[in-house]
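Reviewing the structure listed below.
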There are 2 protein chains.
Amino acid sequence: MTLRGKHLDIAASSAVNGRAPAAKAATIRDVAERAKVSVASVSRVLNGSDAITETTRQRVLDAVAHLHYVPHVGARSLSTSRTDTIGVILPDLYGEFFSELIRGMDLAARAHGKHLIVSSSHGDTEETMAALRSMRGRVDGMIVLSPHVRAANLAADVAGRTPVLVMNGGLDEGGRPAIAVDNHGGAVAAVEHLIATGRRRIAHIRGAAGNLEADIRAEGYASALAGQDPIIVEGDFTQAAGHRAATQLMALDQRPDAVFAANDMMALGALLAFQEAGVRCPEDVAVVGFDDVPLAALVRPTLTTLRVNIAEMGRRGVERLIGLVQAGANADLDSACEIVRPVLVVRQSTAAAATAGSNPDQTAASLS
Amino acid sequence: MTLRGKHLDIAASSAVNGRAPAAKAATIRDVAERAKVSVASVSRVLNGSDAITETTRQRVLDAVAHLHYVPHVGARSLSTSRTDTIGVILPDLYGEFFSELIRGMDLAARAHGKHLIVSSSHGDTEETMAALRSMRGRVDGMIVLSPHVRAANLAADVAGRTPVLVMNGGLDEGGRPAIAVDNHGGAVAAVEHLIATGRRRIAHIRGAAGNLEADIRAEGYASALAGQDPIIVEGDFTQAAGHRAATQLMALDQRPDAVFAANDMMALGALLAFQEAGVRCPEDVAVVGFDDVPLAALVRPTLTTLRVNIAEMGRRGVERLIGLVQAGANADLDSACEIVRPVLVVRQSTAAAATAGSNPDQTAASLS
DNA sequence: TAACCTGATGTAATCGGTTACATGACACAG
DNA sequence: CTGTGTCATGTAACCGATTACATCAGGTTA
């Protein structure tokens, strides 16, 4: 008894509901019909691919405008097997690093007509993989940021034939496409700068163990100490951890006269802890961070740090990935690990000390 | 002479390239074949919709696992006309506000099995609309953040039948779904707090003219002044603008004893300018910000500000939008503008002054 | 004038899912 | 033993684009 043929149904509903015409969106066939051409011509006009008479083009464009036609992305991706979308998987990342990175990526993506799907807040490797799986097929390629060592290799497996660019700071041994910050070099530069400005007891506030970047920066720190015994306190990249670590350092018998924190947020926490305790920076203790988040130039004293051009790195990542996608099957062409070298930015927090180490009356002659 | 039938071609290529089998990805039909069931059954198992024998389910799942099968998103969206993706369009926004918002949105999206397409860095209304158009058809709904007045209405038009949730801080007159911060109320609270702590010459550093939030906050400021003439300096929400503005304020004949900045970054800039000029905060001048970015608690003096739970607002936005999408045609059900009320967080930057305005000996008796 | 080329346009197969409807197996009532 | 209802499963139409190939008009050349 029910007469609901598909077309009948639609006709009825649009007749009833005069206000908000819930008629289905126009398809390429509707456009073709209205423009009195074939669907092929419409497609050609819209993709700018083939030879088309100016008359036809105009007729099609008019129809498109009149019907508010928007191509169905799913249908297109079904026949072309492209999505023009790239996925970004981020760790549970707070603060400005994240937003700067996305800004850079978005800029590059837009320049290439790609869209960006982001998925953040992935604490452990398992969550990261889940996000990766759920993105598969939805994107032409993915950028994975994960500080966990195993993540990179797993990612490539899970992704199947979807190209993956790894940005996890570790120099990947697998020969996968990657972009990494030269964490070791950066740490060495920080320590050498401290030594050059007369510091003698240099401590390190490191990131959580198991975090690739944290490990490498700590290693760089240790290797650059000229004979001095390492003094390492563990943190987790948060400002609070920096605060705690600095408190521990102040309780030591021989207080360090310099601190290299594994990132800016911890450096800032340390700075505040010193300030609260009446320990002056840079006079009593110098502080160096890592990343150069915008904040580093805003605190007092301004923070010496290792500048990583975050947005630029994001931009570069997207462009690499687009290259990988285009290369397709012969992606082997580009499997290098690109290195980003951080640059030391010297600010107030490491001005040469009036007193170095336990010599209270030695003045800082090196400052003009 | 060319014998390249489709299947032949594939067979050849996978035979040649033994290492990376570039065979096409498995389809639902491959899975059906391997599991010895029909595609319908496979689909049913994967969507958990219908009644399925446990045996069949297992066979299907095994085949899926073995073939690394991932449903083709485009094909699915073609037949269901859903994308399970929501779009977020952001203005050219720096700093922590952005990242916090995305964090909140991502959390909510993930909880509902949705994906997030973001597009940031849209300076003017035209760019915003372009982003919106290019996202159309790719998402089930969109969240538009734009401080420009016209954007909201335009957005709804351009979007066609795609649901749009506006988050631009202005109380929208059009009765569109929206979430807005109570900028007016927040500004009033800031000024009243300053008055209550004994300040008598309260200046305002506002955001750029034409920016909806800036306008409303300035209006709230003006309306809360108890008789005092308004002192307004224009900024643009950046830290540098706050610095400049504070410099201007210090050059006035009668220096203000309090500053309400339209956001935290400008408040911070002002704080630094005062500090550099030897003007003490809070003794000589009190400062209030807006947003409560994490940074506000990290500077010294810590910054009194109006807390907006940014991540929570993002979460809420996504949930509203998902509701709108589900409501579909009868989206009229929910067209309210939801208000987020900021909460005053009192910190060091507004500690009661020893001297208030031009009455040096009047103490702030009104505080308990 | 026939043969042939060229460039614009149309026809229809195809991509990989979902799902309405058809089918078939089986149990149980009459 | 037949009729009927239930439940699992299969068949095939459909979603809306792209694109290989067919077609066709018109001009050129021999």
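Lettering follows sequence order; numbering is per chain, from 1.
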Do the side-chain N or O atoms of Thr53(B) get closer than 4.0 angstrom to the phosphate oxygens (OP1, OP2) of dT9(D)? yes
Round to the nearest Å and state the distance from Arg138(B) atom CZ to dG16(D) atom P. 17 Å
Nearest to side-chain heavy atoms of Ser41(B), which nucleotide of dT19(C), dA17(D), dT9(D): dT9(D)
Do Glu126(A) and Arg133(A) meet the salt-bridge criterion of a basic N to acidic O distance under 4.0 Å? yes
Could you tell me the separation between the CZ atom of Arg82(B) and the P atom of dT18(C), rounded to a whole number of Å? 9 Å
Toward the 5' end of DNA chain D, which comes first, Thr55(B) or Ser79(B), by nearest nucleotide? Thr55(B)
Tell me what Thr56(A) touches on the nucleic acid: a base, only sugar-phosphate, or nothing, going by heavy atoms under 4.0 Å. sugar-phosphate
Of the options Leu61(B), Val37(B), Val64(B), which is the one that meets Val45(B) in a side-chain contact (heavy atoms from CB on, under 4.5 Å)? Leu61(B)
Taking atom P of dC15(D) as reference, at what distance in whole Å does atom CG of Leu78(A) sit? 14 Å
Mind calculating the distance between CD1 (Ile52(A)) and P (dT6(C)) to the nearest angstrom? 19 Å
Is the shortest side-chain N to carboxylate O distance from Asp30(A) to Arg34(A) below 4.0 Å? no
Residue-phosphate contact under 4.0 Å: Ser38(B) side-chain N/O, dG10(D) OP1/OP2: yes
May I ask you to evaluate whether Ser43(A) reaches the phosphate of dT18(D), defined as a side-chain N or O under 4.0 Å from OP1 or OP2? yes
Check Glu319(A) with Arg315(A), please: is the shortest side-chain N to carboxylate O separation under 4.0 Å? yes
Please report, rounded to the nearest Å, how far the C1' atom of dT9(C) is from the CD atom of Glu54(A). 16 Å
If only atom types and distance count, is the side chain of Asp140(A) paired as donor or acceptor with the main-chain N or O of Val325(A) below 3.5 Å? no
So for Arg76(A) and dG16(D), does any side-chain atom that can act as donor or acceptor lie under 3.5 Å from a complementary atom in the base? no
In whole angstrom, give the distance that lies between atom CZ of Arg57(A) and atom P of dG7(C). 16 Å
Nearest of dG10(D), dA17(D), dT11(C) to any side-chain atom of His72(A)? dA17(D)
So which nucleotide from dG17(C), dA20(D), dT9(C) ends up closest to the side chain of Ala75(B)? dG17(C)
Whole-Å distance between dT14(C) C1' and Ile28(A) CD1? 14 Å
Hey, does Val37(B) reach any base, or is it just sugar-phosphate, or nothing, if we go heavy atoms under 4.0 Å? sugar-phosphate
On a plain distance test, is the side chain of Arg44(A) in donor-acceptor contact with the base of dA8(C) below 3.5 Å? no
Tell me the interatomic distance from Asn47(A), atom CG, to dT19(D), atom P, rounded to whole angstroms. 7 Å
Of dT19(D), dA12(D), dG16(C), the nucleotide closest to the side chain of Val39(B) is dA12(D)
